[in-house]
**Student:** 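Pasting in a structure now, in structure tokens, and then I'll have a few things to ask.
If you're wondering where the values come from, they're calculated on a predicted model, not measured in any experiment.
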There are 2 protein chains.
Amino acid sequence: MPEAPAQAERFGKARAERSTALLEDYVELIADLFAANGEARAADVARRQGVTHPTALKNIARLRREGLVTARPYRGLFLTDAGRKLADAARARHRVVVDLLIAVGAPREAAEADAEGMEHHVSKATLKAFERFLAERRPADRDEAPQRQADEDESKTS
Amino acid sequence: MPEAPAQAERFGKARAERSTALLEDYVELIADLFAANGEARAADVARRQGVTHPTALKNIARLRREGLVTARPYRGLFLTDAGRKLADAARARHRVVVDLLIAVGAPREAAEADAEGMEHHVSKATLKAFERFLAERRPADRDEAPQRQADEDESKTS
DNA sequence: GGAAAAATTTAGCCGAGGCTACATTCCTGT
DNA sequence: ACAGGAATGTAGCCTCGGCTAAATTTTTCC
Ligand SMILES: [Mn+2]
Ligand SMILES: [Mn+2]
Ligand SMILES: [Mn+2]
Ligand SMILES: [Mn+2]
């Protein structure tokens, strides 16, 4: 067992990350919707999050309080500079995490699903390690070329 | 962007895992305390979680409601069969996640810290992939830092 | 044996993040 | 042009997981 203070610090870090996970997912999603549709509507956020629209609105109200999003009544959502910055960082980290999971052999769909939760707990140091690992394994490769194979059918994906 | 229903499912999975993360960490911790001290006290759980003792008590009440823990008033905590089973699985998965992070190059302390949050989002399929990856790399990887952790240490923590 | 200390439990308070029900405002199709 | 439907907003409820303060029980130690 780790020393008690070190362990408490780790648990505290995980708790803090849990509280920012929603912010990160929302700004990332809003940025994606904006890029894809030219606008980001609360109803779209709710549908893609899989929550009711009052829940999405309440969470968006929190994003506004934290200065990540602006919105005028009955209009779409807009990211502030801080929101865009956070969205870009979240999106880049998200992609690295997915790529790493696939690189070590996770099935693609499991990688996509697990990354959605894992990403929020990846520190800068670990993210750097992931990038280095990917750079070594896949030198300047871009498209899909699944050579390393672990492909098996598992309907049980949780 | 992924299809809306698929994305909603991933977010929903992450939300569900967030709600079981606390259960897993608590039973794992209680099992470790029991193994190390011969008993698990609520005060120890609180200190190692880095929360106040009423908070720990309230969460332990939830563990009891969910049939993972039993406790007699003013006495220590005991895992039920279900609790022990969950603790064993959580501990095993935790170790695999830490080992994998280190294997891909994360600094040891970052790996230990990040794993505390990440572990709860690792699906069975991904865990299997981690184990395969480690099994392939373990025999060859022998250059630094003797990592083979013996089972338990008894570092008198009270 | 009894007082002091420590551990445990109870009783609130709070914010985050879910939900339903209902009200309001836009927008679209006829 | 306007009626109906979709989107948006408000109100109120819930659980979870933090906290402090205070009461109770157990343990320790003189
Ligand atoms: Mn993401
Ligand atoms: Mn996410
Ligand atoms: Mn753990
Ligand atoms: Mn954990």
Side-chain angles (χ1 to χ4, degrees), chain A residues 4 8-27 29-30 33-34 37-78 116-117 120, chain B residues 4 8-27 29-30 33 37-66 68-78 116-117 120 157-158:
Chain A
E9 194 135 355
R10 286 172 200 163
F11 282 127
K13 166 181 176 286
R15 278 195 301 273
E17 287 158 352
R18 219 170 291 147
S19 101
T20 59
L22 182 139
L23 301 177
E24 293 173 349
D25 282 337
Y26 271 57
V27 295
L29 179 52
I30 289 170
L33 287 169
F34 206 90
N37 307 337
E39 63 179 353
R41 311 186 96 93
D44 293 335
V45 172
R47 186 173 59 260
R48 298 195 93 98
Q49 281 288 330
V51 298
T52 62
H53 73 270
T55 293
L57 283 177
K58 189 178 290 192
N59 290 334
I60 289 165
R62 185 181 157 209
L63 299 194
R64 292 211 271 165
R65 283 201 305 279
E66 311 227 354
L68 299 169
V69 160
T70 60
R72 291 191 309 287
Y74 293 97
R75 304 285 300 275
L77 309 170
F78 302 90
E116 196 54 77
H120 308 286
Chain B
E9 194 136 356
R10 288 172 198 164
F11 282 126
K13 167 181 174 288
R15 278 194 300 273
E17 288 160 350
R18 221 169 290 148
S19 101
T20 57
L22 181 139
L23 301 178
E24 295 173 347
D25 281 338
Y26 271 58
V27 294
L29 179 51
I30 289 169
L33 288 169
N37 306 338
E39 65 179 351
R41 313 187 93 93
D44 292 335
V45 172
R47 186 174 57 260
R48 299 196 91 99
Q49 281 288 332
V51 299
T52 60
H53 62 274
T55 293
L57 255 302
K58 188 179 291 189
N59 290 334
I60 288 166
R62 186 181 158 211
L63 299 194
R64 292 210 269 166
R65 283 202 305 280
E66 312 227 355
L68 299 169
V69 159
T70 60
R72 294 194 312 288
Y74 294 95
R75 249 53 199 187
L77 309 170
F78 303 90
E116 196 54 77
H120 309 285
T157 34
S158 279

**Student:** What is the distance from CG of A/D25 to P of C/dA16, rounded to the nearest Å?
**Tutor:**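 One finds 17 Å between P of C/dA16 and CG of A/D25, rounded.
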**Student:** If you only use heavy atoms from C-beta on, which nucleotide in D/dG17, D/dA7, D/dT20 is closest to the side chain of A/A43?
**Tutor:**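 Of D/dG17, D/dA7, D/dT20, D/dA7 is nearest to the side chain of A/A43.
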**Student:** Closer than 3.5 angstrom, by distance alone: can the side chain of B/R41 be matched with the main-chain N or O of B/L77 as a donor-acceptor pair?
**Tutor:**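 Side chain of B/R41 to backbone of B/L77: no pair is present.
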**Student:** Return the minimal non-hydrogen interatomic distance between B/R47 and A/A8, and the atom names on each side.
**Tutor:**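 Nearest pair, atom of B/R47 first, then A/A8: O-CB, 3.6 Å.
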**Student:** So what does A/P73 hit on the nucleic acid, given a heavy-atom distance under 4.0 Å: a base, only sugar-phosphate, or nothing?
**Tutor:**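 Answer is sugar-phosphate: A/P73 comes under 4.0 Å of backbone atoms only.
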**Student:** Please confirm whether the shortest side-chain N or O distance from B/R75 to OP1 or OP2 of D/dT27 is below 4.0 Å.
**Tutor:**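 Yes, within the criterion.
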**Student:** Could you check whether A/R47 gets within reach of a base, just the sugar-phosphate, or nothing at all, counting any heavy atom under 4.0 Å?
**Tutor:**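 No contact.
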**Student:** From CZ of A/R65 over to P of C/dG15, roughly how many Å is that when rounded to an integer?
**Tutor:**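 Whole-Å distance recorded here is 9 Å.
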**Student:** Roughly, in whole Å, what's the span from CZ in A/R72 to C1' in D/dT8?
**Tutor:**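 That distance rounds to 15 Å.
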**Student:** Under 4.0 Å between a side-chain N/O of B/R41 and OP1 or OP2 of C/dA7, yes or no?
**Tutor:**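 No, because none of the side-chain N or O atoms of B/R41 sits under 4.0 Å from OP1 or OP2 of C/dA7.
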**Student:** Grab the two heavy atoms, one from B/A71 and one from B/R64, that are nearest each other, plus how far apart they are.
**Tutor:**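 Reported closest heavy-atom pair: O-NH1, 3.3 Å.
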**Student:** Whole Å only: how far is the CD atom of A/E39 from the C1' atom of C/dC27?
**Tutor:**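 Result: 13 Å.
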**Student:** Does A/R15 have a side-chain nitrogen or oxygen under 4.0 Å from the phosphate oxygens OP1 or OP2 of C/dA16?
**Tutor:**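 No, outside the criterion.
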**Student:** Any side-chain N or O of B/T55 less than 4.0 Å from the OP1 or OP2 oxygen of D/dC19?
**Tutor:**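 True: B/T55 side-chain N/O within range (under 4.0 Å) of D/dC19 OP1/OP2.
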**Student:** Could you check B/L77 against A/L23 and say which one's nearest nucleotide on DNA chain C is further toward the 5' end?
**Tutor:**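 The 5'-side residue here is B/L77.
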**Student:** When you match B/T20 and A/A71 each to their closest nucleotide on DNA chain D, which lands nearer the 5' end?
**Tutor:**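 Here A/A71 is the residue nearer the 5' end.
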**Student:** State whether the number of non-hydrogen atoms from other residues, nucleotides or ligands found under 6.0 Å of A/E66 atom CD is greater than 12.
**Tutor:**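 Buried by this count: over 12 neighbours within 6.0 Å.
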**Student:** Expressed in angstrom and rounded to an integer, what is the separation of B/Q49 atom CD from D/dC19 atom P?
**Tutor:**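 My rounded result for the distance is 11 Å.
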**Student:** Taking the side chain of A/L22 as heavy atoms from C-beta outward, which of C/dC19, D/dC16, C/dG18 is closest to it?
**Tutor:**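 The closest nucleotide is C/dG18.
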**Student:** Regarding D/dT24, can its base be found pairing with the side chain of B/Y74 as donor and acceptor, where the two atoms are less than 3.5 Å apart?
**Tutor:**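 For B/Y74, whose side chain was compared with the base of D/dT24, there is a donor-acceptor pair (under 3.5 Å).
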**Student:** With the side chain of A/V51 defined as its heavy atoms from C-beta on, choose the nearest nucleotide among D/dC19, C/dG18, C/dA21.
**Tutor:**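 When the side chain of A/V51 is considered, C/dG18 is the closest of D/dC19, C/dG18, C/dA21.
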**Student:** Whole Å only: how far is the NE2 atom of B/H53 from the C1' atom of C/dA6?
**Tutor:**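 Value for this atom pair: 10 Å.
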**Student:** Rounded to the nearest angstrom, tell me the gap between atom CD1 in B/I60 and atom P in C/dT9.
**Tutor:**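 Interatomic distance, CD1 of B/I60 to P of C/dT9: 8 Å.
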**Student:** Please state how far atom CZ in B/F11 lies from atom C1' in C/dG17, giving the value in whole angstrom units.
**Tutor:**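 After rounding, the gap between these two atoms is 15 Å.
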